[in-house]
Structure formats: C-alpha cells, structure tokens
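Inspection log for the structure reproduced underneath, given as structure tokens.
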Amino acid sequence: MNFYLLAVIKAAVVVGVLMITLLYLQWVERKVIAHIQVRLGPYNVGAHGLLQPIADTLKLLTKEDLLPPGVNRFYFILAPFLAITLSLVSISVIPFGPEIHIGPVNTWLQLTDLNIGVIFVLAISSLTVYGIVLAGWSSNSKYPLLGALRSSAQMISYELPLGMAVAATLLLSNSLSLRKIVETQSAWYGGFFPAWNLFRMPFPQVFGFVIFVIAVFAETNRVPFDLPEAESELVAGFHTEYSSMKFAGFFMAEYANMVTVTCMATALYLGGWLPLWPASMGSNYAPAAAFALAGGICIYSGLQARKRDRLSLSVFGALFLLVAALFLIPVVQALLVPLFWFLAKTGLLLLLFIWVRGTLPRFRYDQLMRFGWSFMFPVAVANLLITGLLVALVG
Amino acid sequence: MPNAVPLSWYLALSAVLFTLGVAGFLFRRNIITMFMSIELMLNAVNLTFVAFSYRLKQIDGQVFTFFVMVVAAAEAAVGLAIILIVFKNRATLQVDDLRTMKD
Amino acid sequence: MHHTSFYVLPGMQHLWLIPALPLLGFLINGLLGRRLPKAVIHSIAVGTVALAFVWVLKTVIALQPLATPHVERYFDWIRVGDLRIGVDLAADRLTAVMLLVVTGVGLLIHIYSIGYMAHEGGYYRFFAYLNLFMFFMLTLVLAANYLLMFVGWEGVGLCSYLLIGFWFPKKSATNAANKAFIVNRIGDFGFTLALFLLYLNFKSLDFGTVFSGLAGWHTDTGMGTLTIIGLLLLVGATGKSAQLPLYVWLPDAMEGPTPVSALIHAATMVTAGVYMIARSAPLFLKAPIAMDWVAGIGLATAFFAATIGMVQTDIKRVFAYSTVSQLGYMFLGVGTGAFGAGIFHLVTHAFFKALLFLGAGSVIHALSGEQDMRRMGGLWKKTPVTFGVMLAATVAIAGIPPFSGFWSKDEILVNAWQRSPVLFWIGVLTAAMTSFYVFRALFLVFFGTYRGEAHAHESPPVMTVPLALLAVLSLGGGLFQVSKWLAPMFPEHAPPDSPLLLAASISAAFGGALVAFALYWWRPGLADVFARRLKWLYVAALNKYKVDEIYGATVVRPLVGTSREVLWRGIDVEVIDGLVNGVGRRAVGIGSLLRLAQSGYIRSYAAWVLLGAVSLLIALGLLGGVR
Amino acid sequence: MDPILFLLFAAIAVVCGITVVVQTHPITSALALIGVMGSLAVLYLLLGAQFIAAAQVIVYAGAIMVLFIFVIMLLNAGRERKTRGSFLARLIGPPLLVLLLGVVTFVILAVVPRDAVVKFGSYTGGTVENLGRAIFTTYLWPFEITSVLVLIAIVGAVALAYKELD
C-alpha cells in the first residue's frame, strides 16, 4: 500500500479524533468542574449538554470577527494560526500503539517516528511562545502585552525543569525516539509489576514525573499557573482583544497542548500503550471489564434517575456494554487494546488537569517565578544527576 | 530531475545569506536589526559547516555548529543587555545617533 | 627521541627530587610565608632540606658503588637546530660527595638559623631564600651539562645577592650585595664565553659528550683552544670562588647574616668554582697551561689573603679572608692535578669553616652584635660550648694532626711538591699564617680579659647542637677517605708522603699556633711592637692593600664616567629619546590624518572591515590557493 | 524529491533573509529571521544533521530570537528613522557586497568538485550519539570552556540588567 496514501489516512484519522477530543474535552471539563462545584454544568443542549460544544463552535463561527483599531493586522491574524499549528504539529510523533496488521497493511499507530522525537517535541513547544507573544504585542493594548510577556517568561522559565525531567527518562530509556522509549518500558518486574519509567530501576522517575506534570501545567498556562489570562488582573491576558474564530483558535491551541503534553507524559513515564499488568494475567480483558462496569453504572443510575435522564443514561449504558462486547472479539482486541491503554492513561492525566483547575487557587506572579527557579529547577537538576549517576553505576 | 543536490548549491545559499547579513549590517540603522544581521551571518556560516561535515562524512563540522550556537546564545544575552542599557541612557536605537566618541 | 619524554631508566633514582624538595619549601614559604607562624616556616624549610638529605643518602646507597655516572634524562629544555639541552641530572662519586656536603652542612646551618634568626624580621623571607639557594646549589651539583650547571651557578649568585642584602635597610648591606653580584657577573662572563667555545668545538654541552669528544684532541691548535676554554672557565671560577683578582666581594659579603656567611660564603657556593674545575678535570688535564694558571692563582690567593687575614680585627672578616685563602688552597690542589685532594679539602673546609662562622655567629649573638675582636676576650667561661667548638674548628683548620684539616691540606701540599718545591714551601708558609690567624682569633676572643661591655650569654641548644655536630665532623673529618673514593674518577698519582714534608706541614701548623700564643697570650704587648716595626706592611695589610680603592680608581670610576657622559648624556638622551619623541610627533601627525576616517558611524567602520575582508578574499581566492 | 525540498526551503530562506534586510520594522525582521532559521533547520535535516536541526530550532528560534522579540517589545521599537549617517557605507557598500558574493561564489564553483552531491539519507551521522561522543571526547576541553563562557555571559547579562533596572 502506498506510503503517502497510508500517511494521509493516518493523519486524517489522528486529526479527526484529535479535533473531536478537543471539542469534547471542553465539555468534560465543564461537566467535571460543575460537579466539583456541585452544579450540573451544561445540561440542556442535547442530553447532558452533549451537543454544547458544537453549539459553542457554531456560536463562535457566526460571531463577528472584529479587528480592533491600531492592531498590527498581519501579526494579529498570524498569531492564533501560529499557536494552533504549533500545538498540533507535535502530535505527529506521539506513538499511540504498536505495529498493527489490517489485512495486507502493517503499520504503526503513529504518524512518524523521528529518532529525535523527544527533542522535536521540545523544539516545537519552545516555539509555542511566539503565538502568545505576537498576539499580545500585535494587539497594541497593555493588558495583552503584559499577559504575553508574563506567559512567555513563564514558559521559558518552566521549559528548563521540563527538559531536565525529560532528560532523566532519556537516560533510562537510552533513546530519543518515543517509540523506542515506550518499547524499553515493556519489561515486568517480578513478572507482574510494570517497568515503566515511573517505576524504572535504578532510579524510579517519581520526582521526574511530578516535576514534568507541574511544568506542563505552567507550559500550557493552566490553573494554577494561568496568570497570562488572569481575568482578575489582566482581563483575559494575551487574547483579550480576540474574538470569534481567532479566539477559538487560542482556545483549541490550549487544549491541543494539553493533549500533547499528556500524551508525552504517557509515553515517557507511563509506558505508553503498554498494559498495567501483563497479558498473561488477562490484561486484554481489562477494557471489556471497564466498559462493562461503566455501562452497568450508567444503567443502574439511569434506573433510579429522574424521568428525563432515564432514557439517556440507559442508552449510554447500552453503548458501553456494546463496546465491552466489541472488546471481547479477538481481532478487535488485538487492534484496540493498546490504544485503550494509551487513551486511558492520557485521559486520566487530562482528568487530573481538570481536577486541579477545579481545586487549586492561582499563584501570584512572583510566587510562580520563585517556585520555578528556586524549587523546580534545582530538584530537576538533582533528579537528573542522581539518575545519571545511578545509571552509570548500575546500568 | 536528478534526485540529488550539488553541494555547491548549499554553499552558494550560505554565501547569499551571508551577503544578506552583511548588507543588513551595513544598511540598517536599528541596532537590534543590525544585531540580527549578525545572527544571520552566523547561521550562514553554520550552514557551510554542516554542508562540509556532510561532504567529509565527519561529525566535526556539526560540533562546530553546536559551539557557534552556544556562543551566539551567550553573545545575544550580553548584547541585548547592552542594548537595553544604551536605550536606557540614550532613549534611541538608531546607531547613527550613537557617536559620542566622535563629538 | 627517547629523552624527549620523561622515561624511566632501569634503577631510576628520581634525582630530581633532591633539588625539588627545597624548591617546594621555597615556594610554600615564599608565597604563604607572610601569613605562616614562625614554627611552621622553619619546620617547612628545615623539613624539606632534611628530606633532601635523606633522599641523597638513599640515592648514594642505592647507587653503590657508583663506578660509572648515573644519568637521568627528564625532558628537553632547549632544542634549536642541532643544539639540544636537556634537563638531565647525573650522579657520580664527585656529585655524591658534593651532595652530601651541601645537604648535610646545609641542614645543620638551617637548624642553626632557627635560633640565630629567631628575633629578626623577614623570618619567612630568610628561610625562603635559604631554600631557594639549596635548590640552585643542588641543581648546579647534579647538572649533567654545562648549561644546566650554569643555571644553578647563576641561581646561587642570585641567592647570595639576596641574602647578603638581607638587611637591605643597611646601605652597606645593599652595596655589598651589588658588589658581589657585579663581580660575579665578570666571572660569569668568562664562563659564558667558555660555554660558547665548548659548543662550537664539541657541538654539545653534555659532560659525557664533551669529555668523550676530548679523545680526538692532540694537535697543538686543539691544545690552544682547550687552554683558552680552561682559562675562561678559570675566570668564571675565580669570580664564584673569590680568587685573585675577583676575591674582593667575599669579605664585604659578611654584611649578610652569619648563617649565610657559613652556608653560602664558606661551605657551599664559593666552592662551586672548585667543583666546576674538578668536574672539568678531563678538559683541564688536556690543557696543562690552564692547570698551571689554576695552581698559580690558587697559591697566590691563598698567600695574599692569609696575609690580610692575619691583621684583621673584625672576627667575621678574619674568617672571610681565611675562606679566600683556603679556597686558594683548593685551587692549588686541583691545579696541581690533585683533584681528589682539592675536593677533600673542600669537604673538610666545609666542616670547619662553617663551624668557625657559626661559632663566630654564636659569639656575636652572645655579645648581641659585637664583631670587633678587640672588644672581646675571656669568653670561654661565659660561653663554654661555643669555645669548645671554636677550639675544635681552630685545630682543624690550623692543620694540627690528626684533625681533618691536616689530612686534606697535607695531601694538597704533597701534590704541590710533586709539581714544584716552590709551590710547596709557599703553601707551607701559608699554612703557618693560617694557623697563626685562627689561633690569634681564638686567643683574642676567648682568653685574656673581657674588653667589651655587652652582657655575654650562651646560645640556645638549637644553635649549639648543630655546632657540636659540626665540631665532631671537623675533628674526625679526616677519616673520610674522599680522595681515595674519588681516585677512580681522576688519574690520581698518589705520591709517597715523605716524612720531611709531613714534618714541614706539622711544624708550620704548630709554629703559627705558637707565634699566636706568644703574641696574644704570653706577651700581649709584642703584637703592637711588631705592628710598629713593620708599620708600612701592617698598615698595607690592614687596609687590604687598598685593592678596592685601586679597582675603584682604575675600573669603576672610568666606567661610571663613560656611562654617564657617553651612554646617558650622549646616546640615551640625544639618540634614543630623540628617536622616541620623534616617533611620537610623527604619530600625532599621522593620527591627525587618520582622524578623518573616524566618522563615528559604526556602519562606516563596518564598511571598512568589509573592504578589508573582500580584498583579503580576493587575495586568497584569486592569487592564492584556488587551482 | 531532494531538489524540490532544497529549492523550496532555500527559496524560503533567501526570501526571509531579504525580508530581514529590507524590512524597516524590527519585529518583521525578527520573524523573518526565525523563518530563515526554520528553513535552515530543514536543510540541516536534508544534510543528515538531525540533532543540529533540532538544536537550531530550540536554541536559535526558541531561545535567542525570543530574547530579541522580548527586547523589541520591551523597548517598543518602532520603524527606524531615515537618518543620513555613514555616507561611506552607502557609497562603497553595494559594490563591495556584489564583489563579496561574486568572489565567494567563484571560489565555491572553483573549489567544490562537480561530483560532490547531497543525497538525503546517504549520510546520517548527525545522530545525538555521534555528536555527544565527539563533544565529550575530542572536544571535551572546548566544551568545558564554553560552559565557562556561558556562565560569564549569564553573570554579565545579569549585572548589566541590574544596572538597567535601578
């Protein structure tokens, strides 16, 4: 099968899935936060507000795309595109799963595997700052400018601990290709305990993982590091002046970045598509079980839910059960189980993002900087040094 | 169309870029732009390094490029700090205004 | 090039450690001494020297029997064309003797200095200099080629300069230091010329190469060349070893602290000339004329200095002239082909002369700075230990058998007799005079009634213990069969020691002692009587024959005059300054032109740079390399 | 395929380079310069220098140019004024530039053999492994010294910036 055609197909699939994910990630976030705050969240547009994202998108599309006076038109328009493009590019090296065989076709569940994949992602993420900076500067307005300066400073400051943490995992996996990094984590300690970099001997990357997560919170300008768009002081930060689709662009960019970094975390620390326990112990049936459980819960809660939810919930339940059944088919299993594991891990991390947003207050700017430079950075360096030392001694 | 590029094309490209850098240094009046022209020249030279490293199938050229990058980073840090001070003291970025050594 | 790298011979002895250790001490004290407490300073200084001494012992024992020279090549120092000077050290029997003397006596003097310098300023400076001196002296002794030897040679000169001028606030001290340095320079000039000639004729400065190259020299022309080389070396030696006519610096050198006089200006440095001639023995043996000159100058110096020494009243000066005279003895020895005897006398002299100086130092210390013998006397009660060691040293130098001085001196005299009886008789006379002035000093200082007013007190043990050790060496030093041990190195024609000669030298020794006894103890008045009778002679000797004044009139003043009138007023002011100022003026003129180019526009400068770069490119690309 | 890629990115590089020079607004020049750097990174990839390509993006585009843009934004540097200084540069500049380009091209054409071609993938030595090995063995000393240089630069920049602050 033609290389280019295959590549195009894969790209199409990935982008499509990603777009839907981005849409519904917002829905999930709103729902979860709502429930954290004991609200219902979106509820009326479609069952449980399932159509809310689409409605929002339509709204943004139809809104007037206004260009404030005095802006630097070219950069003002360029900025959001830059942001979203850069945020989408790095997804192309993420390995979602192992090599699969569909009839005559053998392919990896990955767009492309660079032998410098990790560095590639770092490089791209080091560029994302431009979108924000340009937006802030070209808006020709003080809040955006301040927000842009803040966020770029913040990104640059947190890129160092990020890179350091990643470097430590590279020492363990001894490769820069994300695919190989995942493959090196496929061992089992004692036949059942996963040798993910998170638990990897000689030096489990627990600290590295924590640092990584905190750093990407800052990289993606998420709570508690969302100062660039700290509405209480900067209105909406760098995208104050933006409206309609360009605003949506930044929005998407932020969520795309979230997805990317969670995928990175999964691949670097959580063993990518590898199961939590070996297939010999029936990990292949975990998806089925999980979906079955979810379906059960839905149906059960549907049974004694109010009239309006009764139908929708049981429909969901049925769907879940169907998926569970699907996962029992060997062929499908072979194809989708790794994907399931990958998405499960990523999804949990995304939930963490949302959860934190619902829980933590925002940092003050000086706190942010001090934390980044005088805590994160030293810890990351120490982590790197210890790892290197142990690898040199033991490995 | 042959599926290969003459090495001389790469070198020619770097020559062009270098000349552009020099031109920028000569004809721009803004310190920052001139500084950027210098970076442009550095990049041009890097290209030749890498090209020759390809030609000789030796890594050394790339090592030099690496060093050039490091030095460029250091130079940018200091140079920009200096520019900040110049602006602080003179409130201008126009090189032609900065000639107190003369008068 | 095997010797370009630090390669290890079978049985590598790491000779380099011997000089390196004192150098280490010098570095530590010189750099940090200002902050270190005195205890640390002198323990470092003494410790390093002690270690060096131990290492010397170990090496000498390890290298037994040392029949052939043991050479260690470390790395190339100079390599120009066919000239190759390596940093090579060599050890043979001669070196071994010198090493033992230098480190051994040096160690004792270091210890002594702890007590002597206890109350002086610049404590760390003093010990740093001493260590530096040890470094250079050991380099001189260990060097395996003339140039490295010359390095040590100059180095010890430098240290001697620094230490003579140790009390630089004293004008006389600085003058003495300058004098020593300049006079030595004259000698070194001869040495340098000798080195050039050696290289011209042997294409090398390695001892081994040069001496093996000598085999092919029989022709008279060759003899001529060798004679010239020998004479030039002799000039160098007369400078360093204070022989006629360049001895004048040594008496003044007594301005330095007494331990310095003992170490540098009695025991070690001043004997460098003797060592150098002995080292060049093969060369001198092929140049008999030069040999005769060595012997002649040696004997003349010995006699001449002795006459001066007889009448001096400053105790240190007496011993200074005595040193000059004894050095003359050594020259006489090596000059008459008795290299072994010369070195033997060098060793014994190192013992008793160091002892004399240290003893004198102890006396001066006891009398808190008094140096005039006329204001001493009767000290044997107050400072018994000092008296005892001084007595030992006196009998040793006077040649009273069976003490060390007698043996070495006797050997030299016997060899002198071999060459010609005249040499012998003058030598005996000198020996008598030597015995006279040392006993004179002894009587004046320790007997009779005390003529000074300072309150005398015995020195601390840190000073007296080294003295005692040196005393033992001075008395028993004759047991070291140095010349026998060195015999394999030199064609020693061990002459029959006839009873006549023996009697002559013994009687000379006792005669001198008796005369001194008579004049300064039995009939104190007699001395002045003699002085009045032979007034002209006495005064002449007392004023050191006005040699310094003569030099001043004939050499120094004309030199200074010409320098001032011609070099300074003429060349410097007119020509050089004129040139400089002229250049300056031109520069201003040119600058005023160039200033037009300085527009103050960075980009103009950039344009200039570009112009230069492009023209360079054109030069390289079109005229140069391409195609 | 190769020539297309090369020509494409070479064209981008040259156009961006020209933009750097002719544009009077610093921001534009800066972004154009980033463009040059990006396309050069691609060319590095074609030359089999993957790591250098990535480093090019991280260091130049990601760090150095960010600094530049920072400063431009901080000083809010607008279009440059037309000042008529340095008559000389305008006088001898253009001919010299032409000459420079001419000479260099001539030399290149003269020296580089015709058969020297670049074929994507025929040399992939620029891996992180090789580069790291070279840096930490052959070029260890330069590398260490460079670290000192960077330290000095940091200190210098901080010192200057402080002065700038108060």
Looking only at heavy atoms and a cut-off of under 4.5 Å, which of [options] has the most pairs with chain D?
{"options": "B:G21, B:A91, B:A73, B:S37", "value": "B:A73"}
{"options": "B:V22, B:T65, B:N46", "value": "B:N46"}
{"options": "B:A12, B:A72, B:A76, B:G61", "value": "B:A72"}

Would you mind checking which part of [X] comes under 4.5 Å of any heavy atom in chain B, side chain (CB onward), backbone (N, CA, C, O), both or neither?
{"X": "D:V98", "value": "neither"}
{"X": "D:A63", "value": "neither"}
{"X": "D:L131", "value": "both"}
{"X": "D:I52", "value": "both"}
{"X": "D:V36", "value": "side chain"}
{"X": "D:F6", "value": "side chain"}
{"X": "D:Q56", "value": "both"}
{"X": "D:L101", "value": "both"}
{"X": "D:P113", "value": "side chain"}
{"X": "D:V21", "value": "both"}
{"X": "D:L97", "value": "both"}

Nearest-0.5 Å distance, NZ of residue D:K119 to CG of residue D:L46: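 Reported value, rounded in 0.5 Å steps: 10.0 Å.
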Interatomic distance, B:W9 atom CH2 to B:L13 atom CG [nearest 0.5 angstrom]: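 So the gap between those two atoms works out to 11.5 Å.
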Taking every heavy-atom pair that is under 4.5 Å apart, which of [options] has the most such pairs with chain B?
{"options": "D:V20, D:V104, D:L67", "value": "D:L67"}
{"options": "D:G48, D:C16, D:A30", "value": "D:A30"}
{"options": "D:L47, D:L96, D:V59, D:I64", "value": "D:L47"}
{"options": "D:L43, D:L5, D:T138, D:L40", "value": "D:L40"}

Sequence neighbours excluded and cut-off under 3.5 Å, please list the side-chain donor-acceptor pairs for residues 146-161 of chain D, or say none.
{"unit_1": "D:T146", "atom_1": "OG1", "unit_2": "D:P142", "atom_2": "O", "d": "2.4"}
{"unit_1": "D:T146", "atom_1": "OG1", "unit_2": "D:F143", "atom_2": "O", "d": "3.3"}
{"unit_1": "D:S147", "atom_1": "OG", "unit_2": "D:E144", "atom_2": "O", "d": "2.2"}

Kindly give the heavy-atom pair with the smallest separation between [X] and [Y], and that separation in Å.
{"X": "B:S14", "Y": "B:T48", "value": "OG-CG2, 2.9 Å"}
{"X": "B:L47", "Y": "B:Y10", "value": "CD2-O, 3.8 Å"}
{"X": "B:T33", "Y": "D:S29", "value": "CG2-OG, 3.8 Å"}
{"X": "D:V66", "Y": "D:A61", "value": "CG2-O, 3.7 Å"}

[X] versus chain D, the contacting section by heavy-atom distance below 4.5 Å:
{"X": "B:F18", "result": "side chain"}
{"X": "B:F64", "result": "side chain"}
{"X": "B:I59", "result": "both"}
{"X": "B:E75", "result": "neither"}
{"X": "B:T19", "result": "both"}
{"X": "B:D60", "result": "both"}

[Y] side chain reached by [X] side chain, heavy atoms, under 4.5 Å:
{"X": "B:R28", "Y": "B:M36", "answer": "no"}
{"X": "D:P26", "Y": "D:F68", "answer": "no"}
{"X": "B:I83", "Y": "D:L75", "answer": "yes"}

Trace of the side chain to side chain donor-acceptor pair (under 3.5 Å) decision for B:S53 with B:Q62: CA-CA 6 Å; B:S53 125; B:Q62 300 184 16; 3.3 Å; yes
Residues which pass side chain to side chain donor-acceptor pair (under 3.5 Å) with D:Y60, listed by chain and number, not counting sequence neighbours: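 Not a single residue meets the side chain to side chain donor-acceptor pair (under 3.5 Å) criterion with D:Y60.
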Between D:Y139 and B:F66, ring centroids under 6.0 Å: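 Ring centroids of D:Y139 and B:F66 are no less than 6.0 Å from each other.
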D:T127 versus D:E129, side-chain donor and acceptor atoms under 3.5 Å: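 D:E129 vs D:T127: donor-acceptor pair found between side chains.
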